[in-house]
Amino acid sequence: MFDPKKILILAPHTDDGELGCGASIAKFCSEGREVHYAAFSSCQKSLPAGLAPDTLERECKSAIKELGMDAGKLMFYNFEVREFSQKRQEILEELVSLNKYIQPDLIFIPSSSDIHQDHQVIHNEALRAFKNSSVLGYDLPWNQNRFSPALFIKLSAPDIEKKVKAIKAYQSQSHRNYMQEEFIRSLARVRGVQSNNEFAEAFEVYKIIS
Ligand SMILES: [Zn+2]
């Protein structure tokens with residue numbers, strides 16, 4: 001039943017996709033599925049002082065390589081971090097174009113209870129733009145005060161290793177508590193225990209088309 005062919009990850013900012021579903025991306029790539037990744041901001045304003053403006057784009061390219069993704073399927077947009085709500089219609093139009101261009105049968109988006117203002121815009125506009133795709137919400141616990149997972153993707157130890165390496169590619173973000181290897185592994189264990197497996201990533205389900 002769960003057999004997506006074309007998958008699109010919608011990341012408000014570089015790193016959201018790897019954090020929310022990096023190990024699932026690694027699994028999909030190892031299964032030969034087509035995975036696309038769109039990042040809407042490379043957060044130049046949030047970078048520590050002294051770093052080049054393209055730092056996060058470079059780190060994102062390294063990260064998706066660790067997951068086994070084709071570099072040609074990574075797309076960047078330059079929306080300003082924390083200002084997505086002012087560009088809501090423009091973002092919707094980009095999502096509509098992405099839908100026409102890729103025609104994914106499954107998309108991954110921030111969850112409905114994610115409190116980050118940019119994540120909320122991507123969540124809401126994606127539901128408008130992708131009418132013919134199954135839609136799952138990924139797990140970013142530091143942005144959520146509740147999360148109701150209904151789909152668990154079971155993962156292997158190598159999938160988790162690839163996610164850990166992808167997160168480590170974000171050297172400019174290594175000071176953040178949710179980028180720590182122990183946290184990444186622990187969350188995969190928690191979601192694994194919930195689904196009676198060693199490791200998993202968990203998702204809210206908004207629509208399944210099969
Ligand atoms: Zn983000």
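Both counts, for ligands and for their atoms, begin at 1 and track the order of listing.
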### Query
What pairs meet the salt bridge (charged side-chain N to carboxylate O under 4.0 Å, His left out) rule with one or both residues in residues 166-175, with sequence neighbours excluded?
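Non-adjacent pairs meeting salt bridge (charged side-chain N to carboxylate O under 4.0 Å, His left out): K168-E181.
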
### Query
How open is the angle at the Zn ion (ligand 1) from atom ND1 of H13 over to atom OD2 of D16, rounded to 10 degrees?
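My answer is 100°, to the nearest 10°.
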
### Task
Tell me, please, if D118 has any N/O/S atom, main chain or side chain, under 2.8 Å from the Zn ion (ligand 1)?
no

### Query
Does H116 put an N, O or S atom under 2.8 Å from the Zn ion (ligand 1)?
no

### Task
Tell me, please, which residues at least two apart from D139 pass salt bridge (Lys or Arg N to Asp or Glu O under 4.0 Å).
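Expected list: R191.
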
### Message
Parallel, tilted or perpendicular: which one describes the rings of W142 and F183, with boundaries at 30° and 60°?
### Response
perpendicular

### Task
Indicate yes or no for a side-chain donor-acceptor contact from R189 to the backbone of E198 under 3.5 Å, with no hydrogens or angles considered.
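At least one qualifying donor-acceptor pair exists.
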
